[in-house]
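Scroll down for the structure; my scribbles are underneath it.
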Amino acid sequence: MLDHQIEKIALFMLEQQGLLSSRLQKLREWHDALQDEPDISQISKLREAYRSVGQDLLKLLLFIDMNAIGIRKILKKFDKRFGYRFTNYYVKTRADHPYSQLQQVFKHVGLGAVVGAISRNLHELQYNEGSYLSIYDHPVVPLQDPVVDSIKNAVDRLTNSTNFLNFMAQHALIMQDEDLLIPQDEQADQEEGRYHFMSLMLNLGNTFLYMVNTYIIVPTADDYSMSLGAAATVCGVVIGAMAVAQLFSSVYFSAWSNKSYFKPLIFSSIVLFFGNLLYALAYDFNSLALLLIGRLFCGFGSARAVNRRYISDCVPLKIRMQASAGFVSASALGMACGPALAGLLQTDFKIKSLTFNQDTLPGWVMAVAWLLYLVWLAISFREPVREPEEIHTSQESNSDGSMEKGLKKPLLLASEETEHDEEDDGDGSEESSEDSRKPANSIVAAYKLLTPSVKVQLLIYFMLKYAMEILLSESSVVTTYYFGWSMSSVSIFLFCLGLTVLPVNLVVGSYISNMFEDRQILLASEIMVCVGILLSFHVVIPYTVPQYVISGFIMFVSAEVLEGVNLSLLSRVMSSRLSRGTYNGGLLSTEAGTIARVIADGTITLAGFLGQSMLLNVTLLPSLIICVGSIVATCFTYNSLY
């Protein structure tokens with residue numbers, strides 16, 4: 001029955017493409033006639049005719065999107081009601097078949113030519129009257145037309161395009177809302193009142209400074225701990241204290257961003273200023289407790305949930321991918337600059353009773369940086385205009401209504417059967433039309449929305465963050481013990497690791513993801529992370545610098561590739577209800593990664609009791625076990641990752 005319904009969808013798509021192509025062919029003949037005898041009024045009518053075809057194409061794209069979601073829901077419901085994993089079998093046998101009609105729906109084969117014809121002719125009518133040049137001769141000049149913008153947004157959303165910007169944006173896991181259901185003019189009016197370029201820059205600046213703040217202490221954390229009378233491995237607790245506080249700050253910042261963006265950012269900057277001040281003063285007070293309190297304060301100032309939410313809610317859809325890519329780039333740049341900056345702070349002097357050396361200067365520098373940022377924030381940030389809840393609700397209902405009117409003949413099931421099915425479904429597999437759009441209002445509600453595929457992706461995210469944190473946090477202790485590296489050498493090593501983030505994402509987003517499926521890249525990256533972990537073990541005596549550096553780069557680069565693909569898949573398989581509200585997909589992934597960092601830093605400190613000679617192997621063993629477990633889990637859910 002499902003094969004039959006999908007066949008009806010595919011044939012309907014082909015029929016509609018044929019009708020659109022016929023209309024475009026007739027418009028082309030009209031266009032050619034006008035070139036011989038130009039008429040301004042006729043050219044204007046022709047332009048509107050092309051836009052009319054574009055509107056019908058947009059309806060077809062929305063129709064395909066709705067039916068693709070319907071197919072997923074049908075398979076999910078079947079699995080849940082009958083306790084049989086039918087989805088894996090169905091996708092495996094249909095998706096890769098040479099006569100696959102499922103691919104016709106999910107890849108919308110052939111629509112690209114129709115999109116291209118509309119865009120090219122509208123561009124020609126608007127800009128190139130009397131010219132022999134086309135959009136192919138000026139690819140850098142985009143066509144500013146609402147219809148073309150809407151079509152592009154619909155196509156991008158339907159395909160989850162894997163060019164560099166989209167790959168980077170999905171790397172940020174900034175959930176896309178149902179913007180395509182809002183009319184173009186209404187959406188433009190909303191965005192005009194909410195978007196402010198300088199406010200976006202301030203959010204990206206907050207992201208950059210926070211990542212610098214996180215990693216600037218890594219090269220010196222062990223030396224700072226020993227100067228306060230603690231063991232070198234206590235650096236795990238010092239570094240991890242920030243992540244512990246972030247577990248809680250992510251929740252309250254996510255909730256706070258429902259009401260304001262400016263106030264959370266102000267609070268974040270103030271808390272981070274005092275946190276770094278306490279971190280720097282701990283040396284002169286000879287207090288490990290003050291050092292840890294300072295790092296806890298820094299974690300309580302983590303406003304990454306606000307940064308993500310601002311981009312998701314306030315940045316116009318047409319530049320949201322660029323803004324999301326900017327978020328990832330700012331994070332990567334901060335991660336590289338943190339250790340590099342620590343390597344430059346090689347000095348030792350006093351001003352009255354305050355000490356300024358390689359241990360305390362990271363705190364002093366970041367305190368000044370956050371103070372300057374706070375002033376810039378207070379002067380330049382503009383709080384976005386917020387729509388009243390009633391207006392938002394009415395817009396959602398109107399959007400739903402327009403969708404229903406535009407799709408009067410659903411092909412998956414008859415409307416009577418659909419209504420009966422939804423009323424009959426008491427197991428929570430499919431929500432009512434009203435509840436299905438409501439965001440999760442608690443951690444428990446969010447957890448109930450997690451399918452096995454989503455849980456596996458969160459496990460993978462936990463694994464890669466755990467492995468990366470082990471590598472980065474213990475690098476100073478391990479390299480000093482085995483190789484006698486100075487703090488500058490550790491900083492250079494970490495700086496080089498951070499510099500690989502953007503080039504790796506560029507290669508994966510622009511090339512590799514166009515040659516392989518995301519799930520194939522996911523599994524291959526997990527295996528490479530496992531290889532990197534295995535190569536890092538101290539088995540061969542003596543333990544050499546090339547072994548450590550090469551295995552570290554393999555592990556880190558593979559984890560970076562894995563993170564991008566993992567979050568890309570996570571944004572695709574996650575429920576749309578987790579794209580909004582406090583307990584959203586971004587928060588869940590942040591919490592999974594933060595818990596991994598906390599456990600990893602705790603592992604380093606506990607392993608320190610066994611001695612520095614055992615530290616490396618003892619901390620790598622959990623990474624290996626979790627990595628193997630995630631590979632096995634991926635294999636079990638592989639066919640549902642589409």
Give the minimum heavy-atom separation between [X] and [Y], together with the two atoms involved.
{"X": "S630", "Y": "L459", "answer": "CA-CD2, 4.1 Å"}
{"X": "Y638", "Y": "R519", "answer": "O-NH1, 3.1 Å"}
{"X": "Y310", "Y": "P384", "answer": "CE1-CG, 3.7 Å"}
{"X": "T637", "Y": "S453", "answer": "CB-OG, 4.4 Å"}
{"X": "N258", "Y": "R309", "answer": "OD1-NH2, 2.6 Å"}
{"X": "F462", "Y": "I595", "answer": "CE1-CG2, 3.9 Å"}

Which residues satisfy the side chain to side chain contact (heavy atoms under 4.5 Å, CB included) test with K26, sequence neighbours excluded?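 Partners of K26 by the side chain to side chain contact (heavy atoms under 4.5 Å, CB included) criterion come out as none, since no residue qualifies.
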Of all residues at least two apart in sequence or in a different chain, which pass the side chain to side chain contact (heavy atoms under 4.5 Å, CB included) check with E591?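 If we apply the side chain to side chain contact (heavy atoms under 4.5 Å, CB included) test to E591, skipping adjacent residues, the hits are L247, S250, V251, L587.
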Atom [atom1] of [X] and atom [atom2] of [Y]: how far apart are they, to the nearest 0.5 Å?
{"X": "Y50", "Y": "L24", "atom1": "OH", "atom2": "CG", "value": "6.5 Å"}
{"X": "L523", "Y": "F516", "atom1": "CG", "atom2": "CZ", "value": "12.5 Å"}
{"X": "I626", "Y": "I460", "atom1": "CD1", "atom2": "CD1", "value": "12.5 Å"}
{"X": "I9", "Y": "L14", "atom1": "CD1", "atom2": "CG", "value": "12.0 Å"}
{"X": "S525", "Y": "Q520", "atom1": "OG", "atom2": "CD", "value": "11.5 Å"}
{"X": "I64", "Y": "M66", "atom1": "CD1", "atom2": "CE", "value": "11.5 Å"}

Just wondering, do [Y] and [X] contact through their side chains at under 4.5 Å, heavy atoms?
{"X": "M528", "Y": "I554", "value": "yes"}
{"X": "F63", "Y": "Q16", "value": "no"}
{"X": "L522", "Y": "Q457", "value": "yes"}
{"X": "K465", "Y": "Y461", "value": "yes"}
{"X": "I512", "Y": "V561", "value": "no"}

Taking salt bridge (charged side-chain N to carboxylate O under 4.0 Å, His left out) as the definition, give me every residue that meets it alongside R23, ordered by chain and number, with sequence neighbours left out.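 For R23, the residues satisfying salt bridge (charged side-chain N to carboxylate O under 4.0 Å, His left out) (neighbours in sequence not counted) are D56.
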Passing option when V456 is tested against L450, T634, T451 for side chain to side chain contact (heavy atoms under 4.5 Å, CB included):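 Of the listed residues L450, T634, T451, the side chain to side chain contact (heavy atoms under 4.5 Å, CB included) partner of V456 is T634.
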Test log, rule side chain to side chain contact (heavy atoms under 4.5 Å, CB included), inputs M463 and L562: CA-CA 10 Å; M463 178 273 292; L562 181 59; 3.6 Å; yes
Is the number of heavy atoms from other residues, nucleotides or ligands within 6.0 Å of NZ (K45) greater than 12?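 Incorrect, the count does not exceed 12.
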Walk me through whether L58 and Q55 qualify under side chain to side chain contact (heavy atoms under 4.5 Å, CB included). CA-CA 5 Å; L58 184 59; Q55 292 287 358; 4.2 Å; yes
What I want to check is whether the side chains of R308 and S257 have a donor and an acceptor closer together than 3.5 Å.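 R308 vs S257: no donor-acceptor pair found between side chains.
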